[in-house]
Amino acid sequence: MRPDVETARAARLACRGTVAPTAGMAPGFTQCNMISLPRDWAWDFLLFAQRNPKPCPVLDVTDPGSFETALAPGADLRTDIPLYRIWRDGVLAEEVADATQAWAEHPDLVTFLIGCSFTFETPLQAAGIEVRHIAQGCNVPMFLTDRACRPAGRLHGQMVVSMRPIPADRVAEAAMITGRFPAVHGAPVHIGAPEALGIADLSRPDFGDPVDIRDGEVPVFWACGVTPQAAVMASKPPFAITHAPGHMFVTDIPDSRWQL
């Protein structure tokens, strides 16, 4: 049965007044990462995403200047994310709860909505696999790895991953469940041994919050839609707007749309 779309719309309205991570919000509905770039950088990013589909699975691309998406008719991409990041020459200039003013600086912005691993967390929970950051009421831990993405035009950077601790005897099941959702990052890119990704300390994520890792649990890593922000930092486009890590755009599309 299709989830009630009013749940997603209510979640977006709540995002306008509350700055908080969206994990666990509007269960059953797809969540998206977002990046908006001036039109003359849009082709480079589209090519970057095509060459790096694991961290950058594109679900929608707007027309230049548009702040609407077919994934949520009537929504406003300038206001319906809890927290935005404004980037200038690759440097984080500010975080704002309303990006309308920043959006007006570049009337030709092209926006990319990218699949988010929050989408497959509902199926994980339905299988009885705890999602630790939801259980602890915090943001998902995300890490900048030493794995370079394939460059495209002027864009390059390292892959970002999200991490969830999974009981060792359920890692294969978690990989199978998430692997059914390739449009929202799919199966893990790495299991265990964080040092193999260049991650020195799981208690110090580059984005988000640390979570408990208990005895008998294994850190499992999924490609993450914060990777475009790493590319912005490395490639230094003159201007960009993104979501703040963990603060996603909630769509009207049920998770089942992306399930194989």
Side-chain angles (χ1 to χ4, degrees), residues 12 15-16 19 21-22 31-53 55-72 75-116 139 142-145 148-160 162 206-208 223-251:
R12 287 196 299 274
C15 287
R16 293 184 181 184
V19 176
T22 55
Q31 298 198 28
C32 293
N33 303 271
M34 188 204 82
I35 180 168
S36 299
L37 291 160
R39 183 174 185 170
D40 69 332
W41 281 78
W43 171 253
D44 287 4
F45 185 80
L46 189 62
L47 186 59
F48 182 83
Q50 189 275 333
R51 290 180 175 176
N52 299 281
C56 302
V58 174
L59 303 186
D60 193 25
V61 184
T62 71
D63 291 327
S66 175
F67 46 83
E68 299 179 345
T69 171
L71 300 179
D76 190 326
L77 294 172
R78 304 169 300 178
T79 59
D80 290 352
I81 290 174
L83 190 64
Y84 299 83
R85 288 183 153 189
I86 313 301
W87 302 84
R88 302 183 190 278
D89 298 315
V91 176
L92 178 59
E94 59 181 322
E95 292 188 328
V96 296
D98 185 327
T100 303
Q101 183 175 347
W103 210 284
E105 294 182 34
H106 287 269
D108 64 343
L109 288 178
V110 177
T111 299
F112 298 83
L113 293 174
I114 296 167
C116 172
N139 204 350
M142 295 160 275
F143 300 87
L144 186 64
T145 74
C149 292
R150 185 182 172 192
R154 294 165 286 182
L155 288 171
H156 63 278
Q158 308 302 108
M159 182 171 66
V160 175
S162 61
D206 296 290
F207 313 94
C224 179
V226 176
T227 298
Q229 298 185 39
V232 167
M233 290 185 278
S235 309
K236 304 187 184 307
F239 185 82
I241 302 174
T242 69
H243 70 292
H247 299 72
M248 305 299 175
F249 177 71
V250 179
T251 76

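These figures come from a predicted structure and were not determined experimentally.
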In Å and rounded to the nearest 0.5 Å, what is the [atom1] to [atom2] distance from [X] to [Y]?
{"X": "F112", "Y": "T69", "atom1": "CZ", "atom2": "OG1", "value": "12.5 Å"}
{"X": "I81", "Y": "M34", "atom1": "CD1", "atom2": "CE", "value": "4.5 Å"}
{"X": "S36", "Y": "L77", "atom1": "OG", "atom2": "CG", "value": "7.0 Å"}
{"X": "L59", "Y": "F249", "atom1": "CG", "atom2": "CZ", "value": "11.0 Å"}
{"X": "C32", "Y": "L71", "atom1": "SG", "atom2": "CG", "value": "5.5 Å"}

Got a donor-acceptor contact below 3.5 angstrom from the [X] side chain to the [Y] backbone?
{"X": "N33", "Y": "L113", "result": "no"}
{"X": "Q31", "Y": "T22", "result": "yes"}
{"X": "T111", "Y": "T62", "result": "no"}
{"X": "D108", "Y": "P64", "result": "no"}

Within the structure provided, determine whether [X] and [Y] are in side-chain contact (heavy-atom separation under 4.5 Å).
{"X": "D63", "Y": "E68", "value": "no"}
{"X": "P237", "Y": "L37", "value": "yes"}
{"X": "V250", "Y": "M248", "value": "no"}
{"X": "R88", "Y": "E105", "value": "yes"}
{"X": "M233", "Y": "L92", "value": "no"}
{"X": "I114", "Y": "P57", "value": "yes"}

Shortest non-hydrogen contact from [X] toward [Y]:
{"X": "G157", "Y": "A234", "result": "CA-CB, 4.1 Å"}
{"X": "A230", "Y": "L144", "result": "CB-CD1, 3.8 Å"}
{"X": "H243", "Y": "G225", "result": "CE1-O, 4.0 Å"}
{"X": "P38", "Y": "L109", "result": "N-CD2, 3.6 Å"}

Open item on the list: One pair to check against side chain to side chain contact (heavy atoms under 4.5 Å, CB included): V232 and I35. What are the steps and the verdict?
Closed with: CA-CA 10 Å; V232 167; I35 180 168; 3.8 Å; yes

Open item on the list: Holding to side-chain hydrogen bond (donor to acceptor under 3.5 Å, both in side chains), I want the full list of residues that pass it with T100, two or more places apart in sequence or in another chain.
Closed with: D98

Open item on the list: Taking side-chain contact (heavy atoms from CB on, under 4.5 Å) as the criterion, tell me which of T227, T145, D206 meets it with V160.
Closed with: T227

Open item on the list: Please enumerate all residues that pass ring-ring contact (aromatic ring centres under 6.0 Å, His included) together with F239, with sequence neighbours excluded.
Closed with: H106

- [ ] Kindly write out the residues that satisfy side-chain contact (heavy atoms from CB on, under 4.5 Å) with P245, not counting sequence neighbours, or none if the list is empty.
- [x] R85, M142, F207, V226, Q229

- [ ] Using side-chain contact (heavy atoms from CB on, under 4.5 Å) as the criterion, list what pairs up with P151, not counting sequence neighbours.
- [x] H156

- [ ] Output every pair passing ring-ring contact (aromatic ring centres under 6.0 Å, His included) with a member in residues 82-105, not counting sequence neighbours, ordered by first then second residue.
- [x] none

Taking distance alone, no hydrogens or angles, what donor-acceptor pairs closer than 3.5 Å link side-chain atoms of residues 39-50 to residues at least two apart or in another chain?
residue	atom	partner	partner atom	Å
D44	OD2	R154	N	3.1
D44	OD2	R154	NE	2.7
D44	OD2	R154	NH2	3.3

Open item on the list: Within a 6.0 Å radius of atom CD on E94, are there more than 12 heavy atoms belonging to other residues, nucleotides or ligands?
Closed with: yes

